[in-house]
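Input: a single structure, listed below in structure tokens.
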Amino acid sequence: MRMHRKNNLDARLDGCAEILTVCDLSDKNMKRAAEVKDYFDFKKIFGNTNPVCLEIGCGKGKFVCETAAMNSELNFVACEKISNVIVDACERALHDGLKNVRFLNCAAEVLEKYFPPKSVDAIYLNFSTPLPKEGYKKQRLTHPRFLEIYRRILKDGGKIYQKTDDRDFYLFSLESYKQADMRVLETCEDLKNNPVEGDVETEHERLFKSQNKAIYRIVAEV
């Protein structure tokens, strides 16, 4: 189902300009667009040299805002390609007065346009769309083509934290990490009954738990 465009969306996005970067994708070839670098200067953006964490697919921002509030010693960039959704996350961060969160309105394919090599300490993939049809396999955010992007922007020893409610996607991801020569440090097939201290529950996660769905978690290392 197509999402209706929010009322006054452009004005609302403009109101978030101090914490939001909207990707210029006038070039629809995302691979070529990613080659035109516009690297973030994290020291200038955040006013410090704290470690940088990246959430890909932040939705309405519950996870990143709550995690940032609990970890003032870390900086967070939250990426979301749907403008209609990211505006809610930005407004939440502004309302909460968070100084260690910024937002990027772009697809994962162009992350290297903004993130210098070896600049990210951790990546969070929370309930990414599993895209179960075989023809969409290359669009899954843990397909090896995306893992290679993550490898280039992650620092050596950087980690990927993934949660999903889809077992097939979980198994696919485990195989993808193996193919990409990444080390799987942790797995969990029942996060509801084995919670991780400090791990913030997302909007989708709360819903899935209420439906008694299994929640899977992977921690992988570059």
Side-chain angles (χ1 to χ4, degrees), residues 9-10 12-61 63-65 67-68 71 73-94 98-126 128-129 138-162 180 182 220 222:
L9 178 60
D10 290 336
R12 290 174 64 186
L13 290 169
D14 287 344
C16 299
E18 66 183 274
I19 62 169
L20 172 65
T21 297
V22 178
C23 181
D24 175 13
L25 277 185
S26 49
D27 186 345
K28 300 302 180 184
N29 183 316
M30 286 191 280
K31 183 176 180 181
R32 192 166 58 215
E35 292 172 353
V36 181
K37 305 304 182 187
D38 188 15
Y39 286 153
F40 288 140
D41 181 341
F42 293 119
K43 185 175 181 180
K44 182 178 180 181
I45 290 171
F46 292 108
N48 58 56
T49 57
N50 292 344
V52 174
C53 303
L54 167 64
E55 184 184 11
I56 302 173
C58 70
K60 294 183 179 180
F63 177 86
V64 73
C65 288
T67 304
N71 296 275
E73 75 286 0
L74 301 175
N75 295 323
F76 293 85
V77 178
C79 174
E80 171 60 57
K81 68 179 181 180
I82 302 174
S83 302
N84 230 26
V85 175
I86 200 171
V87 68
D88 289 324
C90 293
E91 289 174 346
R92 175 172 182 158
L94 288 171
L98 297 170
K99 304 300 183 185
N100 59 333
V101 183
R102 296 295 184 273
F103 293 88
L104 175 59
N105 187 190
C106 81
E109 285 90 341
V110 295
L111 286 171
E112 289 180 283
K113 179 180 182 70
Y114 298 100
F115 290 87
K118 308 295 182 184
S119 61
V120 175
D121 287 78
I123 289 176
Y124 294 92
L125 300 171
N126 292 314
S128 309
T129 304
K138 289 185 68 175
Q139 302 302 318
R140 298 170 191 163
L141 288 181
T142 55
H143 186 276
R145 78 183 184 101
F146 284 109
L147 295 185
E148 287 307 311
I149 294 174
Y150 309 157
R151 182 194 301 281
R152 289 191 287 269
I153 65 175
L154 278 167
K155 295 179 180 178
D156 293 336
K159 295 179 177 59
I160 299 173
Y161 298 88
Q162 179 188 0
M182 293 183 176
V222 172

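Computed over heavy atoms, backbone and side chain alike; hydrogens, waters and symmetry mates excluded.
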I need the Met182 CE to Thr142 OG1 distance, nearest 0.5 Å. 10.5 Å
Start with the C-alpha distance between Leu94 and Glu18, add both sets of side-chain angles, then the distance that settles side chain to side chain contact (heavy atoms under 4.5 Å, CB included), and finish with yes or no. CA-CA 9 Å; Leu94 288 171; Glu18 66 183 274; 3.9 Å; yes
Which heavy atom in Ser83 sits nearest to a heavy atom in Asn105, and how many Å separate them? OG-OD1, 2.7 Å
Less than 4.5 Å apart, any side-chain heavy atom of Tyr114 and any of Ser119? no
Indicate yes or no: at least one non-hydrogen side-chain atom of Ile160 is less than 4.5 angstrom from one of Leu147. yes
Within a strict 4.5 Å, meaning less than it, do heavy atoms of the Ile56 and Leu141 side chains meet? yes
Check salt bridge (charged side-chain N to carboxylate O under 4.0 Å, His left out) between Glu148 and all other residues, then give those that pass, not counting sequence neighbours. Arg151
Does any non-hydrogen side-chain atom of Leu54 lie less than 4.5 Å from one of Cys79? yes
Applying ring pair (Phe, Tyr, Trp, His ring centres under 6.0 Å), name anything that partners Phe146, two or more places apart in sequence or on another chain. none
Partners meeting salt bridge (charged side-chain N to carboxylate O under 4.0 Å, His left out) with Arg152 (sequence neighbours left out): Glu112
Hey, is the main chain of Phe46 close enough, under 3.5 Å, to the side chain of Asn48 for a donor-acceptor pair? yes
Mind checking whether Ile123 and Ile153 have side chains closer than 4.5 Å, heavy atoms only? yes
Would you compute the distance between atom CZ of Phe115 and atom OH of Tyr150 and round it to the nearest 0.5 angstrom? 11.5 Å
Check step by step if side chain to side chain contact (heavy atoms under 4.5 Å, CB included) holds for Asn75 and Phe42. CA-CA 9 Å; Asn75 295 323; Phe42 293 119; 5.6 Å; no
Can we say Glu109 and Arg145 salt-bridge, meaning some charged N sits less than 4.0 Å from an Asp/Glu carboxylate O? yes
Nearest heavy-atom approach of Lys113 to Cys23 is CD-SG, 4.3 Å
If every non-hydrogen atom of Ile86 is compared with every non-hydrogen atom of Ala78, which pair is closest and at what distance? CD1-O, 4.2 Å
Taking side chain as C-beta onward, heavy atoms only, is Ile19 less than 4.5 Å from Val101? no
Can you sort out the partners of Tyr161 under ring pair (Phe, Tyr, Trp, His ring centres under 6.0 Å), two or more places apart, ordered by chain and number? Tyr124
Any chance you could measure Cys53, atom SG, to Asp121, atom CG, to the nearest 0.5 Å? 6.0 Å
The complete set of salt bridge (Lys or Arg N to Asp or Glu O under 4.0 Å) pairs with one or both residues in residues 34-53, sequence neighbours excluded, reads none
How far apart are the closest heavy atoms of Cys106 and Leu111, and which atoms are they? SG-CD2, 4.4 Å
Say you draw a straight line from CG of Asn126 to SG of Cys58; how long is it, rounded to the nearest 0.5 Å? 10.0 Å
Can you tell me if Asn29 uses its side chain to pair, donor with acceptor, with the backbone of Arg32 under 3.5 Å? yes
Could you give all pairs that pass the salt bridge (Lys or Arg N to Asp or Glu O under 4.0 Å) test and reach residues 81-90, with sequence neighbours left out? Lys6-Asp88, Arg12-Asp88
Quick one: CG on Asn100 to CG on Asn50, what's the gap to the nearest 0.5 Å? 8.5 Å
Quick check: do Phe40 and Leu104 have side-chain heavy atoms less than 4.5 Å from each other? yes
Distance col, row Ile45:CD1 vs Lys99:NZ, nearest 0.5 angstrom, shows 15.0 Å
Report yes if the side chains of Phe103 and Cys16 come closer than 4.5 Å at any heavy-atom pair, otherwise no. no
